*Asks:* 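One structure, as structure tokens, below. Some questions next.
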Amino acid sequence: AGWFRRLLHKRKPSSVESSLNASRSASSSPSSSSAESSISFPSTSLARSVRPSAVSMPDINASGSARWAKGYDVCICHSEMDLELVEELVSYLEGQPESFRCFLQLRDAAPGSAVVTELCNAVQNSHCWVMLITPGFLQDPWCKYQMHQALAEAPMANGRTIPVLKDVDRKDYPKELRNLYYIYMVLKENSFRQIRDTIV
């Protein structure tokens, strides 16, 4: 997005139309290397293996970073059937050098508070939302509710919804998420690393 802003603000003597055509052709190609790292696009069923290009990242641990504007870096939406896998993911993320702050419903929700209130607060108070889409997720109405809350929050919060598929057929992938790249979990370690990189 930064290069596009610079392109718009850069003054070209008489080639306005040529710069518009260049930006149109650049934006029409969905396969940018920074968005692909074994992350699948909804219209394809095969995982891609292109490595992302090195991009300089801001220091997310700096005191002035936007990271500290919210209580959690990531909210993890999952079925109770997948709790063991999610606890491994949370342990991995919280053990990283960035010490990600994860919201895990069974651990972090306030006792006595309404489920709906806790789910909405967690979504609003997080930068990213990981949706662990499994057969259990697809059957759990609370998971679907939280998914809809995250999708509603994301455009205003400048956040990112990260679908992670595990043991789900392509035909069962939620229609609401089909416009988003997803991570297909085959090897746990690789998928955990992709989730971490996406959050950063």
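Quick caveat, the model's predicted, so the values are computed rather than measured. Values below: all heavy atoms of this structure, side chains included; hydrogens, waters and symmetry mates excluded.
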*Asks:* Which donor-acceptor pairs under 3.5 Å do the side chains of residues 143-150 make with protein atoms, sequence neighbours left out?
*Replies:*
| from | atom 1 | to | atom 2 | distance (Å) |
| --- | --- | --- | --- | --- |
| Lys144 | NZ | Leu138 | O | 3.2 |
| His148 | ND1 | Lys144 | O | 2.9 |
| His148 | NE2 | Glu176 | OE2 | 2.9 |

*Asks:* Out of curiosity, Phe103 CZ to Cys128 SG, how far, rounded to the nearest 0.5 Å?
*Replies:* 15.5 Å
*Asks:* Looking at Gly71, is its backbone amide N or carbonyl O close enough to the side chain of Arg101 to form a donor-acceptor pair, meaning the two atoms are under 3.5 Å apart?
*Replies:* yes
*Asks:* Which pair of non-hydrogen atoms, one from Leu132 and one from Phe137, has the smallest distance, and what is that distance?
*Replies:* O-CD1, 3.3 Å
*Asks:* Nearest 0.5 Å, please: how far is CD1 in Ile183 from CE in Met131?
*Replies:* 13.0 Å
*Asks:* Quick one: do Tyr72 and Asp108 satisfy side chain to side chain contact (heavy atoms under 4.5 Å, CB included)? Show the steps, please.
*Replies:* CA-CA 11 Å; Tyr72 298 100; Asp108 299 319; 4.0 Å; yes
*Asks:* Glu94: which residues meet the salt bridge (Lys or Arg N to Asp or Glu O under 4.0 Å) condition with it, sequence neighbours left out?
*Replies:* Arg107
*Asks:* Quick one: sort the Phe192 and Tyr92 rings into parallel, tilted or perpendicular, breaks at 30° and 60°.
*Replies:* tilted
*Asks:* State whether the side chain of Ser91 and the backbone N or O of Glu87 hold a donor-acceptor pair below 3.5 Å, judged by distance alone.
*Replies:* no
*Asks:* According to side-chain hydrogen bond (donor to acceptor under 3.5 Å, both in side chains), who are the partners of Glu118, at least two apart in sequence or on a separate chain?
*Replies:* Ser113
*Asks:* Rounded to the nearest 0.5 Å, how far apart are SG of Cys77 and CG of Asp82?
*Replies:* 10.5 Å
*Asks:* Where do Cys102 and Leu93 come nearest, in terms of heavy atoms and distance?
*Replies:* SG-CB, 3.8 Å
*Asks:* Quick check: do Asp167 and Pro135 have side-chain heavy atoms less than 4.5 Å from each other?
*Replies:* yes
*Asks:* Between Asn125 (side chain) and Lys70 (backbone), is there a donor-acceptor pair under 3.5 Å?
*Replies:* no
*Asks:* Within a strict 4.5 Å, meaning less than it, do heavy atoms of the His127 and Arg160 side chains meet?
*Replies:* no
*Asks:* Check each of Lys166, Met81, Met185, His78 against Thr134 using the side chain to side chain contact (heavy atoms under 4.5 Å, CB included) test, and report the only one that passes.
*Replies:* Lys166
*Asks:* Val200 and Leu89: same hydrophobic cluster, using ILVMFWY side-chain contacts below 4.5 Å?
*Replies:* yes
*Asks:* Does some side-chain heavy atom of Cys75 sit less than 4.5 Å from a side-chain heavy atom of Val130?
*Replies:* no
*Asks:* Nearest 0.5 angstrom please: Ile162 CD1 to Trp129 CH2, how far?
*Replies:* 9.5 Å
*Asks:* Using a cut-off of 6.0 Å, state whether more than 12 heavy atoms not belonging to Glu80 lie near its atom CD.
*Replies:* no
*Asks:* Output the distance between atom CG (Asp197) and atom CD1 (Ile199), rounded to the nearest 0.5 Å.
*Replies:* 9.5 Å
*Asks:* Using side-chain heavy atoms (C-beta onward) and a distance below 4.5 Å, is Ile133 in contact with Tyr173?
*Replies:* yes
*Asks:* Distance-only, no hydrogens or angles: does the Asp140 side chain make a donor-acceptor pair with backbone N or O of Trp142 under 3.5 Å?
*Replies:* yes
*Asks:* According to a 4.5 Å side-chain heavy-atom criterion applied to Ile, Leu, Val, Met, Phe, Trp and Tyr, with indirect links allowed, do Val123 and Leu119 form part of one hydrophobic cluster?
*Replies:* no
*Asks:* Nearest 0.5 angstrom please: Leu187 CG to Gln194 CD, how far?
*Replies:* 10.0 Å
